[in-house]
Amino acid sequence: MPKAYDPSQTEGPLYQFWLDGGYFKPKIDPDKEPFTIIMPPPNVTGELHLGHALTATLEDCLIRWHRMRGDPTLWLPGLDHAGIATQNVVEKEVAREGLSRHDLGREKFVERVWQWVHKYRSVISHQQARLGASCDWDRELFTMDDGPQRAVRTTFVKLYDEGLIYKGKRIINWCPRCQTALSDLEVDHREQPAHLWYVRYPLLDDAGHTTDEYIVIATTRPETIVADVAVAVNPSLDRWRKIVGRRALLPIIERPIPIVADEAVDPEFGTGALKITPGHDPADFEIGERHGLSTIVAVAPDGTMNAEAGPYEGRERFECRRVIVADLERRGLLEKTEEYHHSIGHCDRCDTIVEPIASEQWFMKMESLARPAIEAVVDGRIQIVPRRFNRVYLNWMENIRDWCISRQLWWGHRIPVWYCRGCGQPTAAVEDPAKCRQCGSPELEQDTDVLDTWFSSALWPHSTLGWPGETADRRYFYPTSVIETGYDIIFFWVARMIMMGLYNMTDVPFRHVYLHGLIRDERGRKMTKSLGNVVDPLVVAEKYGTDALRFALATGGAPGNDFRLSDDKLEGGRNFANKLWNLSRFVITNLEGHEGQVAFPDTGQRSQMCLEDRWIMSRLQRLVTEVDKLLSSFQIGAAGQRLHEFLWSEYADWYVEMAKVRLKAGDSSPLPVLASVLDTSLRLLHPFMPFVTEAVWQNLRQHIAWAEEEALIIASWPRPQPAWPDREAEASAQVVMEVVRAIRNIRADRGVDPGRYVEAYVAADGAGALLDASRPILESLARVRPLHLVTDAASAPRRDVASAVLSEAQVILPLANLIDLEAERARLTKQLQEAEAEVGRVGGKLANEAFRAKAPAAVVAKEEERLTAARSRRDGLKQRLTELN
RNA sequence: GGGCGAUUAGCUCAGUUGGUUAGAGCGUCUCUCUUACACAGAGAAGGUCGGAGGUUCGAGCCCUCCAUCGCCCACCA
């Protein structure tokens with residue numbers, strides 16, 4: 001084994017080894033409960049970012065853990081056609097050839113998108129594989145594949161037939177750049193500086209002649225004046241009540257419009273009068289419906305003003321705003337202008353300011369679909385991790401509004417509705433219909449719109465398992481176990497999957513929702529292309545190793561919290577992989593020097609085992625229990641940290657060093673324990689760092705007699721053994737380690753040459769026997785020789801010594817010329833102060849009758865022990881100080 | 001306008017039923033190439049857990065109020 005771990009040499013071949021072994025495919029067993037994760041399908045836009053790497057890491061962690069536990073484990077990968085996003089990307093590509101999609105035409109353009117898809121489909125899968133994702137590639141699906149297409153159509157027709165999908169004219173969000181309607185969720189509202197213009201609308205008399213009266217109206221969007229159909233006032237305002245029923249003259253356009261009364265007008269805002277533009281404002285649209293007003297749309301799909309704008313026709317909407325303000329001012333109709341801040345909607349794909357437009361679109365009625373989805377979370381059939389997102393989810397679901405599902409795009413699932421050229425009636429059907437359902441005419445034309453890309457995503461957990469077909473996968477794997485994704489798409493995706501899963505399958509799509517946070521850069525900024533701080537996970541994996549990246553991602557934070565990824569964290573992951581590699585190299589090198597395979601340590605003969613062996617086995621068993629518990633409660637990061645701590649601070653820093661003492665003496669007895677602890681640790685760590693653990697284990701397995709499986713990826717997950725932990729061994733080892741630490745501390749403090757052996761006295765009454773048994777360890781790890789073990793500190797030298805007092809023992813080092821009396825006194829005094837503080841604190845607590853009466857007995861007993869130990873230390877220190885003086 | 005989160009060591013963050021002296025990684029200081037690892041080892045320094053009250057035998061954790069930062073949702077022009 002080379003001295004440093006080289007991921008680039010190991011990862012590729014190991015992934016191939018797993019693939020060849022078929023380990024990623026679930027073994028269906030009707031008697032076992034499966035574990036299933038449907039992977040959030042990345043967009044086929046060709047950008048794999050750190051969010052995908054995080055998803056791949058966390059899901060792979062859970063998947064590998066369950067696979068090792070022996071559960072039939074399915075991780076189903078997929079890809080999303082990502083409607084607008086992909087269409088935009090391909091449009092840009094086409095633009096480089098100087099063409100627009102309109103130059104190509106719908107059919108040719110869609111063909112181009114398919115070419116893109118074919119190219120990137122494999123690129124993305126390959127990228128996932130590089131991250132170690134152990135998913136079942138044979139089941140990989142694309143949202144535009146035949147199966148999911150059929151699921152989309154089937155669902156649409158079912159909803160349509162039940163009246164849950166309808167076509168209607170409403171105010172929708174229109175992106176003039178993408179030239180399509182958007183759902184409310186696809187609009188990003190941002191507070192921005194703006195103006196509030198106060199415009200005079202002249203009043204007409206009964207005969208329709210202008211008067212010198214006028215009504216002042218505040219607006220942020222003067223360009224929409226051309227589409228005004230009324231003025232509404234709040235009837236509670238005296239100054240306006242009397243003009244209700246009269247007419248005003250629309251400025252510039254000079255169209256007479258009625259003045260109506262409506263409670264929806266806020267009397268406190270502006271002048272308490274509102275211009276009504278039903279074609280461009282949702283509130284106005286409702287007011288318009290209430291008063292039977294007509295709707296005028298004055299903005300064309302491309303964001304320019306249309307013929308309704310009269311003199312402004314053809315002007316871009318914001319240019320029109322400037323011109324119209326100037327015109328109003330010139331005509332003396334602009335009373336004043338105020339600075340104003342309000343939030344403006346932007347297209348979340350291209351950041352263009354969204355135009356609210358009254359438009360005929362397809363909508364999904366959500367309320368009845370939301371109700372069972374709310375129940376599923378309330379009654380716990382679905383559990384969200386972290387739990388606080390329950391409220392976020394429920395709040396949104398309880399106020400849900402109809403979903404605009406039609407998009408004026410070319411790329412996506414085309415709406416399965418055909419219109420009859422004869423009678424005009426629509427026919428919705430799963431299969432392309434041959435004739436009109438109404439009149440039987442064969443002259444049909446399919447709706448030109450496509451569906452919101454999230455429509456197919458909402459069906460993903462069941463459409464990927466074969467629905468609407470009756471498949472074995474669907475029966476066995478649905479409902480799935482966990483959905484894991486970022487909290488930013490809880491509404492877009494998670495909520496809709498729950499609704500549609502319950503609707504189509506009458507059962508929840510998954511039992512647990514694990515929401516991860518957003519990854520930010522070192523300075524806490526969101527990673528965006530415009531900031532140029534986007535990190536390519538494959539570049540990172542190349543530089544630090546996939547395991548390093550995975551470990552950094554998995555242990556960097558807590559569920560639902562954002563976290564910053566830094567080079568420091570990646571280096572930490574790399575260092576840990578290297579530590580593990582070298583640790584294993586040491587163990588394996590020693591095993592190689594041993595004849596044949598070692599047997600599993602005979603823990604039945606525990607009393608025959610030496611202290612350090614018992615200690616590490618006990619600690620290992622605790623580890624097994626804790627890691628399993630942490631993973632069961634989705635505390636993946638905490639489990640990873642716990643493994644790091646055990647392997648580095650307990651196994652490597654202490655046990656291996658202790659084991660060396662025997663090994664150097666030619667005693668091979670620690671080998672079984674060394675090997676089995678490493679084996680178990682590798683199993684536990686494998687879900688986090690699959691490559692380095694498998695690489696090491698392939699080596700280790702040749703030397704151990706109990707390795708049954710040919711690969712770590714399918715090796716059995718460690719189970720806690722009831723015989724452990726061994727509390728006595730843990731406490732005893734603690735004493736040994738404390739003595740070693742105390743001696744090292746004195747040596748470092750007094751500047752003793754690290755290599756030099758010095759004489760030492762250790763006084764211990766009760767712990768004498770165990771210290772004697774660990775004498776070689778004490779001597780070697782603390783570099784003391786000769787080591788005098790005495791029962792009473794009084795029998796150790798008193799002059800020219802440095803000492804330390806522990807609860808169970810006192811350490812005395814005769815250091816003659818290295819002794820600095822003042823420093824020694826200061827050191828002991830400081831320790832004494834600490835001990836006395838503790839005696840005071842704990843003593844005070846125990847003196848409190850209320851504490852004794854109300855605290856659990858175990859807590860009280862612990863405090864008693866603490867007090868005894870602190871007193872013993874205090875008395876010892878007092879004595880040492882007296883002797884020093 | 002509602003809601004959520006964050007505020008813990010110089011930095012980045014853990015800390016799920018309230019119970020020892022609040023932890024980790026990085027960084028800092030002092031030593032060491034001790035034959036697994038300098039991507040390392042040994043030792044050390046460093047925190048009134050944002051502020052103020054309250055509940056409790058006991059609060060980083062529960063309650064109330066406040067402050068700063070961030071996010072989400074929302075048709076006040």
Side-chain angles (χ1 to χ4, degrees), chain A residues 1 3-5 171 184 189 196 217-221 224 232 264-266 268-270 273-277 281-286 340 342-343 356 386-389 391-392 395-396 399 487-488 490-491 517-518 522 524 544 548 555-558 560-569 571-572 574-590 633 635 637-638 641 644-645 649 652-653 656-657 660 664 741 744-749 751-755 780-781 783 834 837-838 841-842 845 848-856 858-860 862-863 865-866 870:
Chain A
M1 292 171 75
K3 194 170 173 179
Y5 173 58
I171 295 284
D184 296 337
H189 293 275
L196 197 53
I217 289 164
T219 179
T220 55
R221 306 203 51 201
T224 63
V265 183
D266 182 350
E268 305 293 319
F269 190 92
L274 184 60
K275 68 195 236 1
I276 301 303
T277 323
D281 185 281
D284 292 8
F285 188 81
E286 280 179 21
Y340 187 64
H342 72 149
S343 88
R387 224 181 329 216
R388 68 181 131 92
F389 283 100
R391 247 180 111 155
V392 178
N395 183 53
W396 189 75
N399 297 292
Y487 65 73
D488 52 329
I490 184 168
F491 307 136
L518 266 46
E522 259 158 300
Y544 296 97
T555 58
N561 287 2
D562 292 357
F563 80 98
R564 305 183 187 194
L565 187 68
S566 60
D567 285 344
D568 281 353
K569 281 178 183 163
E571 276 173 23
R574 180 201 60 189
N575 294 356
F576 183 40
N578 187 245
K579 182 76 183 181
L580 182 69
W581 177 261
N582 277 290
L583 192 54
S584 307
R585 198 157 66 95
F586 171 78
V587 174
I588 290 165
T589 306
N590 277 284
S633 53
Q635 294 175 269
Q641 279 166 6
H644 181 274
E645 182 192 293
S649 310
D653 287 350
V656 168
E657 293 306 315
K660 279 180 188 172
K664 276 180 186 163
R741 267 197 218 102
R744 283 172 173 171
N745 184 313
I746 293 170
R747 295 176 60 118
D749 193 56
V752 179
D753 179 359
S780 176
L781 297 197
R783 297 236 154 198
E834 282 166 7
E838 190 168 355
R841 243 192 335 266
V842 182
K845 199 185 256 190
N848 182 348
E849 280 310 315
F851 172 70
R852 285 184 173 281
K854 295 189 180 179
V859 173
V860 177
K862 256 188 176 172
E863 294 294 312
E865 268 176 46
R866 253 184 86 197

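Just so it is clear: chains get the letters A, B, ... in the order the sequence lines come, proteins before strands, and each one is counted from 1.
In this structure B/U64 sits in a base pair with B/A52, meeting the Watson-Crick or G-U test at under 3.5 Å. Remark: B/G27 base-pairs with no nucleotide in the shown strands. Criterion, Watson-Crick or G-U wobble with two distances under 3.5 Å. Pairing partner, B/A9: none, since no Watson-Crick or wobble contact has both distances short of 3.5 Å.
Applying the 4.0 Å criterion to OP1 and OP2 of B/A74, one finds that A/Asn395 has every side-chain N and O outside that range. Using a 4.0 Å cut-off, some side-chain N or O of A/Arg564 falls inside it from OP1 or OP2 of B/U12. Taking side-chain N and O atoms only, A/His342 has a distance below 4.0 Å to OP1 or OP2 of B/A77. Between A/Arg391 and B/C4 there is a side-chain N or O to OP1 or OP2 distance below 4.0 Å. In this model, the phosphate group of B/G41 is approached by a side-chain N or O of A/Lys579 to a distance below 4.0 Å at OP1 or OP2. Neither OP1 nor OP2 of B/C39 sits under 4.0 Å from any side-chain N or O of A/Tyr544. Of the side-chain N and O atoms in A/Lys664, none sit less than 4.0 angstrom from OP1 or OP2 of B/U35.
Across all strands, A/Arg747 comes closer than 4.0 Å to no nucleic acid atom at all (heavy-atom distances).
Inter-residue side-chain proximity for A/Leu274 and A/Phe269 is flagged as unmet; no heavy-atom pair is nearer than 4.5 Å. The shortest distance between side-chain heavy atoms of A/Lys275 and A/Thr224 falls below 4.5 Å.
Classification of A/Lys862 and A/Glu865 as a salt-bridged pair fails, no side-chain N sitting under 4.0 Å from a carboxylate O.
Comparing B/G5, B/C57, B/A42 by their nearest atom to the side chain of A/Arg388 picks out B/G5. Among the nucleotides B/G19, B/C39, B/C76, the one closest to any side-chain atom of A/Ala4 is B/C39. Which of B/A77, B/C37, B/A42 sits closest to the side chain of A/Asn582 comes down to B/C37.
Across A/Gly556 and A/Lys569, no two heavy atoms sit closer than the pair O-NZ, 4.3 Å.
Nearest-nucleotide positions on RNA chain B place A/Arg741 closer to the 5' end than the other of A/Arg741 and A/Lys275.
Remark: A/Arg388 CZ is packed, more than 12 non-hydrogen atoms of other residues, nucleotides or ligands lying under 6.0 Å away.
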